[in-house]
Amino acid sequence: MELILGLLVQGGQMLVVLLLAPGLVGLVRKVRARLTRRRGAPVLQPYRDLLRLMKKEVVLAENASWMFRVAPYTIFAATWVAAALVPTFALGLQFSWTADLIAIVALLGSARFFLALAGMDVGTAFGGIGASREVMIGAFAEPAMLLTVFTLALVAGSTQLSVVAAFMASPAVGLRVSLGMALVALVIVAIAENARIPVDNPATHLELTMVHEAMVLEYSGRHLAMIEIAAALKLLLYVALIACVFFPWGMAAAGSGVLAHLLGLAAFLLKLAAGGVLLATFETAIAKMRVFRVPDFLGAALMLGLLGTLLLFVSRSL
Amino acid sequence: MTALDAALLLSGGLLALGPAALPLARRPGGPALLHGAAATLSAALALLGLWALVAPGAPVQAVLPLGLPWLGAHFRLDALAAFFILVLGAGGTAASLYGIGYGRHLEAPGRVLPFYGPFLGAMALVLFADDAFTFLLSWESMSLLSWALVLADHRNPEARSASYVYLLMAGIGTMALLFAFGLLAGPGGGYAFAAIAAAERGPGVTAAILFLMLAGAGSKAGVFPLHVWLPLAHPAAPSHVSALMSGVMTKIALYGFIRVGFDLLGPVAWWASPVVIVLGSTTAVMGILLANVDRDAKRILAYSTIENVGVIFAALGLALAFRANGMTALAALALTAALFHILNHMLFKSLLFMAAGAVLAATGRRTLDALGGLIHRMPATAFLALVGVTAIAALPPLNGFASEWLLFQGILQSPGLPQPALQLLLPGAGGMLALAAALAAACFVRFYGIIFLGRPRSEAAAGAVEVDRWSLAAMAGLALLCLFGGILPGAVLDTLAPAVGLATGGRIPPQLGNSWATLVPVTAGQSSYSGLLVLAFITFGAMTSAWLVHRLASHRLRRGPAWDCGFPLTDGRSQYSAGGFSQPIRRALGGTLVAAREHVVMPPPGDMRPARHAAESGDVAWMRLYLPAAAAVGGLATRLNTLQFLTIRRYLGLVFVSLILLLVGLTQWN
């Protein structure tokens with residue numbers, strides 16, 4: 001019975017993240033449009049875009065190799081596996097022990113690695129510019145993220161996300177400076193990793209500042225759809241990660257009943273909406289920064305992560 | 001016949017390949033025969049090492065009447081040596097298999113083959129040595145034979161200067177080892193390892209020996225700032241020898257450090273470990289930064305070796321810290337991570353050097369900016385190299401990630417250490433290792449993307465053809481082992497547990513009983529990772545999504561010209577170059593660390609000359625440490641040169657003054 005429930009929760013989680021991810025992107029776009037006094041496309045627009053892209057034929061560059069065609073599915077699968085392991089509405093994920101937080105970070109690293117390679121496959125200048133900047137951002141974002149993971153692991157005594165989330169939901173946590181620093185660091189990393197303003201602009205094209213869009217410039221049709229879903233999944237993953245670690249309220253405990261899971265789902269939807277609105281507000285309030293300022297921005301996250309960890313070594317209650 | 005006798009016979013067989021090569025190397029089919037023999041002997045050594053690790057038994061010893069008459073040559077096969085024999089045998093087998101095919105491209109086989117077999121044999125003897133004399137003799141033979149291999153292409157001035165620097169650095173390293181073993185033997189002069197292990201020494205002497213080993217073994221392994229010879233010498237050798245030098249010889253050096261630091265030396269004070277940790281993590285970051293800005297395929301791999309050696313040293317330092325505090329289980333965890341990474345690095349670095357060799361054989365070019373698009377011309381090599389770069393970039397589900405993950409788990413246990421200095425140091429070291437891992441991913445996106453993807457940047461790259469089957473078989477074997485280590489790490493960890501137990505006295509929980517090949521380094525509540533399931537999920541997710549999309553949505557496809565925002569340029573040189581790709585990282589991190597500078601020469605208005613942009617970077621250690629030192633030595637030598645042209649009267653006066661000074665010194669001494 002427990003196994004069946006666990007599998008159900010795991011399967012539900014995989015479907016929920018997949019189904020909600022484009023909606024989150026649509027919500028962010030809608031709120032951004034409203035904040036700039038535009039009407040904006042409906043929240044459901046990304047679903048329609050994806051469906052249309054799926055049905056279109058693929059126009060493949062003449063010298064694209066098999067790598068270019070395999071990469072979208074690999075990127076999607078790696079991101080999906082990572083997203084499936086971050087608790088969203090319930091803690092009792094059947095396969096949560098498959099990969100801990102470090103492995104989840106590395107899975108996203110794999111997705112980035114293959115995306116950058118795919119960007120270089122056709123051999124265009126734009127692909128190169130995107131890949132080169134993406135790996136630079138990754139080179140700063142990944143250590144910052146890992147230091148944040150260190151902070152969490154030191155507080156909760158585990159790198160296993162379900163254990164961390166359960167600990168964070170318990171009264172043993174209290175208010176800690178180190179956790180505050182970890183939160184800020186994680187938010188900065190999330191913004192950079194998801195190619196949001198001020199690091200990258202997801203709505204831009206033909207600009208020398210673009211990173212993510214430059215890498216996927218040669219993609220079309222179903223390949224582009226897979227990459228877009230992967231990007232949406234990644235955004236949802238980060239929101240879910242921040243929610244489950246720092247705001248773990250309302251999540252269904254392992255082995256609880258149907259009602260608790262429904263409540264958990266409702267709470268997750270609320271958190272997701274709050275995350276989307278906050279992101280859109282932040283993005284409208286700030287300007288895109290020069291690409292060479294990004295290391296400073298991410299360096300701040302790196303230092304915050306390190307400081308948070310060091311504080312914990314000074315005193316375990318900070 | 002004991003296992004040790006068999007192992008010594010095999011090593012002797014490898015040594016005998018040297019004289020055998022003298023008549024055979026120039027005959028048609030000779031190189032293939034010699035490489036085949038080396039592959040067979042190495043494979044037998046690997047199996048023997050594996051057997052000695054898996055079958056529990058007491059260490060076997062043997063004394064041969066060689067070497068110093070009053071000492072003899074002591075040999076011994078225990079779990080630690082067996083693990084490294086496995087590494088050596090596996091690496092040697094792959095490199096020799098590759099050599100069967102690659103040997104045809106050798107310009108002067110007579111300059112490679114007489115040293116190739118003995119090089120393998122000397123490395124094996126380092127591992128079997130059980131007294132200081134045999135150890136140092138084998139060590140020095142290994143250095144000199146590899147030096148001869150670096151010099152194989154002796155008409156190339158770069159290879160000549162590389163081998164010169166290598167010889168100097170090997171000399172310095174061996175001197176440090178001589179002092180270390182002198183201190184180890186003590187005034188009694190017990191040079192057998194058994195006597196050394198039984199001797200008592202104070203914490204100061206112990207730390208001095210450890211640091212001397214760090215310098216001696218570290219210079220051979222490539223620890224910053226003693227690494228300068230490595231990026232010159234490793235690429236200069238023929239590619240399968242480069243694979244051996246980077247993949248195996250650096251590991252033999254690490255064996256020297258582990259054997260002394262963990263086995264012979266006895267307890268080491270905790271304050272020695274931060275030095276190793278800091279040195280290791282600095283080496284890791286500096287090595288990978290230099291790899292990120294270099295433009296030569298084989299030199300990039302050599303710099304990445306420095307990074308990996310740094311990671312391993314950081315893990316060894318962590319193990320020393322835990323062991324000094326009596327936390328044997330955690331020391332075992334850190335040492336397990338180190339040994340696992342040693343094995344993994346041998347696998348993927350050999351694989352990548354072989355891929356670079358295949359590219360070199362197919363195109364004749366090593367600079368990244370002359371390559372490109374080889375995934376179309378050399379599909380098998382490109383696929384195998386992709387496995388290699390994924391593994392070395394520490395990405396799941398391959399083996400590089402598994403060992404780095406273990407190391408991070410070890411670092412996360414550091415709050416248990418009682419010393420505040422270590423507690424404060426380790427998060428920083430962890431951050432630096434994470435930075436190194438992320439930079440490694442950046443480096444190998446560039447390495448792979450520029451060599452294999454995109455369009456050819458030269459005629460040579462456009463006309464490349466796939467390499468022979470022997471080379472591909474060697475690379476495929478290594479790639480399979482990379483995958484095996486990634487999805488079934490538990491099997492590897494359980495196999496190397498006896499070696500870890502010998503060095504630390506502890507072990508991590510047995511892994512083979514865990515469901516789904518999950519790694520559980522401490523307890524399941526703290527952390528677990530299953531490479532097998534991650535691979536299964538990714539494969540399943542990718543396959544199902546691809547199938548569903550093709551089935552339900554669309555599977556139509558049309559080829560057309562690249563879009564590139566409307567300006568597709570057909571010239572291969574319009575793509576990103578190696579220097580352009582590394583520009584963001586060079587600008588963000590390279591200013592001081594790799595002395596990166598950019599020059600723009602802009603002609604005045606009306607001048608028709610093109611504007612020029614040049615990006616420079618270099619090894620800070622070389623520029624700030626070695627060049628001034630070399631200049632100082634040179635300057636001093638010039639000054640002292642006047643001493644050669646004195647009159648006999650002045651010489652006699654000089655002798656007299658020195659005599660007086662010595663006598664005065666002697667009276668003061670007493």
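Reminder, nothing fancy here: chain letters follow the sequence lines and each chain counts from 1.
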Smallest separation among heavy atoms of [X] and [Y], with atom names:
X	Y	value
A:Thr124	B:Ala562	CG2-CB, 4.0 Å
A:Phe113	B:Phe444	CE1-C, 4.2 Å
B:Ser574	A:Ala125	O-CB, 3.9 Å
B:Pro415	A:Leu154	CG-CD2, 3.1 Å
A:Ala106	B:Phe401	CB-CE1, 3.2 Å
B:Arg556	A:Arg222	O-NH1, 2.9 Å

Residue part contacting chain B, namely of [X], when any heavy atom lies under 4.5 Å:
X	answer
A:Pro295	side chain
A:Ala64	both
A:Met145	neither
A:Leu147	side chain
A:Val81	side chain
A:Ala153	side chain
A:Leu306	side chain
A:Arg69	side chain
A:Phe68	neither

Is the count of non-hydrogen atoms from other residues, nucleotides or ligands lying under 6.0 Å from B:His550 atom NE2 greater than 12? yes
Within 6.0 angstrom of B:Phe383 CZ, more than 12 heavy atoms from elsewhere: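 12 or below, so no.
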Would you mind telling me which of [options] has the largest number of heavy-atom pairs within less than 4.5 Å of chain B?
options	value
A:Leu107, A:Val163, A:Thr74	A:Leu107
A:Ala78, A:Pro143, A:Ala77	A:Pro143
A:Trp97, A:Trp80, A:Phe76	A:Trp97
A:Val135, A:Leu146, A:Leu117, A:Thr98	A:Thr98
A:Phe292, A:Phe114, A:Phe140	A:Phe292
A:Met14, A:Glu142, A:Met54	A:Met54

Looking at B:Phe537 versus A:Phe95, is the centre-to-centre ring distance below 6.0 Å? yes
Looking at [options], which one has more heavy-atom pairs under 4.5 Å with chain A than the rest?
options	answer
B:Ala588, B:Cys443, B:Ser545, B:Ala382	B:Ser545
B:Gly449, B:Ala442, B:Gly560	B:Gly560
B:Gly580, B:Ala434, B:Ser554	B:Ser554
B:Thr539, B:Ile585, B:Ile411, B:Leu426	B:Ile585
B:Gly541, B:Pro420, B:Ser527	B:Ser527
B:Pro427, B:Gly373, B:Ala553	B:Pro427

Minimum side-chain heavy-atom gap [X]-[Y] below 4.5 Å:
X	Y	value
A:Leu217	B:Cys565	yes
B:Leu386	A:Met67	yes
A:Val58	B:Arg558	no
B:Phe581	A:Met120	yes
B:Gln409	A:Ile102	yes
B:Leu557	A:Val59	no
A:Val149	B:Phe408	no
B:Ser582	A:Ser132	no

To the closest 0.5 Å, what do you measure between [atom1] ([X]) and [atom2] ([Y])?
X	Y	atom1	atom2	result
B:Gln575	A:Phe126	CD	CZ	14.5 Å
B:Gln583	A:Ile129	CD	CD1	9.0 Å
B:His376	A:Asn63	NE2	CG	5.0 Å

Check whether [X] gets within reach of chain A through its side chain, its backbone, both or neither, counting any heavy atom under 4.5 Å.
X	result
B:Ala393	side chain
B:Leu589	side chain
B:Val445	both
B:Val389	both
B:Leu532	neither

Run the salt bridge (charged side-chain N to carboxylate O under 4.0 Å, His left out) test against A:Glu218 and tell me which residues pass, sequence neighbours left out. none
A:Gln160 versus B:Ser528, side-chain donor and acceptor atoms under 3.5 Å: yes
Thinking salt bridges, do A:Glu62 and B:Arg559 make one under a 4.0 Å N-O criterion? no
